Structure formats: C-alpha cells, structure tokens
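Note that this is a predicted model, so its numbers are computed, not measured.
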There are 2 protein chains.
Amino acid sequence: MADTRWLDEGEQRTWRTFLAAVHLLEGSLDRQLRRDSGLPHAYYQALAMLSEAPGGALTMTELAGLLRSSPSRLSHAAARLEEDGLIHRFKRLGDRRTTIAELTPRGLKVLREAAPGHVREVRRVLFDSLTREQVDQLREISEVMLGELDPEGREPRCPGSGGAGDRD
Amino acid sequence: MADTRWLDEGEQRTWRTFLAAVHLLEGSLDRQLRRDSGLPHAYYQALAMLSEAPGGALTMTELAGLLRSSPSRLSHAAARLEEDGLIHRFKRLGDRRTTIAELTPRGLKVLREAAPGHVREVRRVLFDSLTREQVDQLREISEVMLGELDPEGREPRCPGSGGAGDRD
DNA sequence: CCGGAATACTTGAGAGTTCAATTGTGTTCT
DNA sequence: AGAACACAATTGAACTCTCAAGTATTCCGG
C-alpha cells in the first residue's frame, strides 16, 4: 500500500466547503418540504417521478432506478406513502412479481401544492445565487461524479408526459 | 403569491444530476468508512476536526459550528464516540456549563488508520475525475451555496496544528 | 419440464438524525 | 440581590435509512 496522497490546500478547501454546503442544503430542503407538505424530500422526489411517468405509474424497480434508491428504501417509503393515500400499489395481471406504484389523485394534489414552495426553495438556496455559467459547470461536475458513482447510468430524466409538469 | 417560475431545461438537468450525484457520493463515503473503521462519515468528520484543534479538544459548541451540526446531533454522536472510547468529555473548572470534547489516543489511532482509505475514496469518487479547473469551480459554487445557507459563516477551516495533519 | 439461478419486492432490526422539551448555568438589568 | 433572559448541552420519541434475510415469482439450461 503506497503512502497516501493527501488532499492539497485547494482540494481540501473545496471538499470541506462542498460537504458543508451539501449538508445544509439538504437540511434546508427537507425542512421546507416537511413543514409545508409533511413529506421528506426523498418522498417528494418519488411523487415527482411518478407524476412524470406515463399514467403516473411505475414499477418499484423503475422508480428505484430513477431515484437511485435501494429497493429496501423505496419499499419503506412506498409503505408510508401508501398509508397516507398518496400512492397505491398493485400487481399487473399475468405478472405476480412486479409491483406497480401509482400516484393517487390525492398524491398528485399534495405534490402540486408542495411544488411551488419547493421550487422557490431550490432557487433560493441554489440557482438564484449562481451565474448561468456556474449552473452549467455544476451540471458537468455532477455528471462526472455520477459517471464514477453510477457507471450503469440510469436515465437522468423521465421521458413521459402523463403527469403534472416539471415539479422540481 | 406570484405564479411559480419553474426550473428551465438546463436547471432541471443540473438539479437532478446534482441530487443523484450527491446522494450516491454520500452513500459511497459512508459505506467505505463504516466498513473500514466502523464509523459513519459524520463521526469521522468530528474526529478529524478534533485532531486539528489545538490540544485535540474543542467545546461542543465549537465543534458543532465546524461541523455545521445541530447541538442535538453532536450530543448523540459524542455519546457514541465516548462510549467507544474515541473521545472523552469533561468540564473546565470554573465553567460548569461548557463541555469539552477531547480526542483520546485511541480516537486518534482510529482516525489515523481510517484516513488513508477515506482520502482514497474521496479521490476516487471526486477529485480523480475532475480537472483542476473544475475543482476550483466546485469550490466557488460551494462557497456561494454556503453563503446563502449559512450567512453567519463559521470558519471554513481550523487554525490549529496540535493534531494529526490533514485527515481529509 | 424440472431445478437452480436470477429477479422483484418486503420485512425487521439497528443506527443516526431531527425536533421539541428539559436541565443546569452564566449574564444582565434594575 | 433577584428576576428575567440567554446560552450550553442533553434527552427521548418519532422517523428514515441501511443492511441482512426472507418470500415469492420468473427465467433458463439441460
């Protein structure tokens, strides 16, 4: 094991600032969504993905892929969302192993009501203070990271349009 | 309430890619550290901050500030770290309200052993794939975010040098 | 068409984070 | 000095996430 190449001055500053920013950003988003809609950010994202899928429905596996969530995490989330009546789960005839998650009218309503405040928050903590150039830079940097972390590369976006517009 | 300014194409792609990347990145770091040292990333960070503080000690409030952690979170973390013998807590004479957290020799050892693998992981998932320019861009972007999210602006870095070098 | 492997999802336990409430201590103002 | 306030830290409950197992179903090679 060769001796470690530590982070240099610039890298370390970047790394720590980045970690701090991300930590606060997630807290901020989560707090806002919980307060205004009762949903944690991750659950909101699930509803958002469903809303963009054709028919407002996806299999658990598809949804997990889009959210880059473990099956387990999604299962727990879906259980809660279903209990709250925001989605419902069912099986397709002829396939007893796949589960479909579908946005309920109530789920769509909650999503629609939460969306504006959420987008405002996203703008406030991120886009409002970044230049157009920085937004592009951040996308490229994120794509590089994602390439390293998720080589399979699930689709970054959702094709459909059965949903409710771009909810974040 | 004016009608919402939704994210445009570019912003949305940036936002989603960023979220996905960050989510995977945190998972990756946390998994690596837990596996190799038994510590979650947040706890590792606490040890790292202490190791850089003069005397390997900080008050809970100071440490919370550096980690951008709530007092509660830090308290729980400290309880666990103390139970594991990685830090210990005590009061200064003449001040019965402030608590000092101090790295133990064992804590320093654990940190030292965990550091190389952690830095390797940080390089692998981030710095290895970014250009020098992108690292600078990411720092600037993070600083902007941080400015918005933490206007008080705790010091981004630790002054001291009683510790064990730059452990991330 | 049978048996092993892969797939789809769920479950339960354990751990960390958050929020609200609490305790104890120092500070300040009159 | 005494009361009100602010500060430092902790606690417990609720919630989410992770990991490891477990169940059920489908696929596939011989």
For this session: Would you mind reading off the distance between B:Asp30 atom CG and D:dT16 atom P, rounded to a whole angstrom?
Result: 19 Å
For this session: Measure from the side-chain heavy atoms of B:Ser72 and tell me the nearest of D:dT16, D:dT10, C:dT11.
Result: D:dT10
Exercise. In whole Å, what is the span from the CZ atom of B:Arg92 to the P atom of C:dT25?
Worked result: 16 Å
Problem set entry | Nearest non-hydrogen partners of A:Pro116 and B:Trp6, listed with the distance | N-CH2, 4.2 Å
Exercise. When you measure from the side chain of A:Ala42, which nucleotide among C:dG16, D:dC17, D:dT10 comes out closest?
Worked result: D:dC17
Problem set entry | Centroid-centroid distance, A:Phe90 to A:His88, less than 6.0 Å | yes
Problem set entry | Out of C:dG26, C:dT10, D:dT26, whichever nucleotide has its closest atom nearest the side chain of A:Asp95 | D:dT26
For this session: Flag the pair B:Arg80 and B:Glu83 as a salt bridge only when some basic side-chain nitrogen lies within less than 4.0 angstrom of an acidic carboxylate oxygen.
Result: no
Exercise. Looking at C:dT10, C:dG16, D:dC19, which one has an atom nearest to any side-chain atom of B:Arg80?
Worked result: C:dG16
Seminar exercise, completed: Rounded to whole Å, the CZ-C1' distance (B:Arg35 to C:dA15) equals 18 Å
For this session: Compare the minimum distances between each of C:dT17, D:dC17, D:dA8 and the side chain of A:Arg73, then state the nucleotide with the smallest one.
Result: D:dC17
For this session: Measure from CD on A:Glu26 to C1' on C:dG16 and round the result to the nearest Å.
Result: 14 Å
Seminar exercise, completed: Per atom distances to the B:His76 side chain, the nearest of C:dA13, C:dT10, D:dA13 is D:dA13
Problem set entry | Euclidean distance, atom CE of residue B:Met60 to atom P of C:dG24 [Å, nearest integer] | 18 Å
Exercise. Is A:Val22 linked to B:Leu24 within one hydrophobic cluster, defined over Ile, Leu, Val, Met, Phe, Trp and Tyr using a side-chain heavy-atom separation of less than 4.5 Å?
Worked result: yes
For this session: Let me know the distance between NE2 of A:His23 and C1' of C:dG16, rounded to the nearest Å.
Result: 12 Å
Exercise. Which residue, A:Ile100 or B:Arg96, contacts DNA chain C at a nucleotide closer to its 5' end, judged by nearest heavy atom?
Worked result: A:Ile100
For this session: Please state whether the phosphate of D:dT26, meaning OP1 or OP2, lies under 4.0 angstrom from any side-chain nitrogen or oxygen of A:Arg97.
Result: no
For this session: Output yes when at least one side-chain N/O atom of A:Tyr43 is less than 4.0 Å from OP1 or OP2 of D:dC17, else no.
Result: yes
Problem set entry | Identified side chain to side chain contact (heavy atoms under 4.5 Å, CB included) counterpart of A:Phe127 within the set A:Leu138, A:Val119, A:Val122 | A:Val122
Exercise. Contact class for B:Pro71 vs. all strands (heavy atom < 4.0 Å): base, sugar-phosphate, or nothing?
Worked result: base
Exercise. Looking across every strand, which nucleic acid part, if any, lies under 4.0 Å from B:Ser75 by heavy atom: base, sugar-phosphate, or nothing?
Worked result: base
Exercise. When the nearest nucleotide of DNA chain D is assigned to B:Arg89 and to A:Ser70 on a heavy-atom basis, which residue is associated with the more 5' position?
Worked result: B:Arg89
Problem set entry | Separation of D:dT18 P from A:Leu74 CG (nearest whole Å) | 11 Å
Exercise. B:Arg34 CZ to C:dG14 P: how many Å, rounded?
Worked result: 15 Å
Problem set entry | Pairwise 5' ranking along DNA chain C for A:Thr59 and A:Arg31, keeping only the more 5' one | A:Thr59
Problem set entry | Test: B:Arg13 and A:Glu143 ion pair at under 4.0 Å | yes
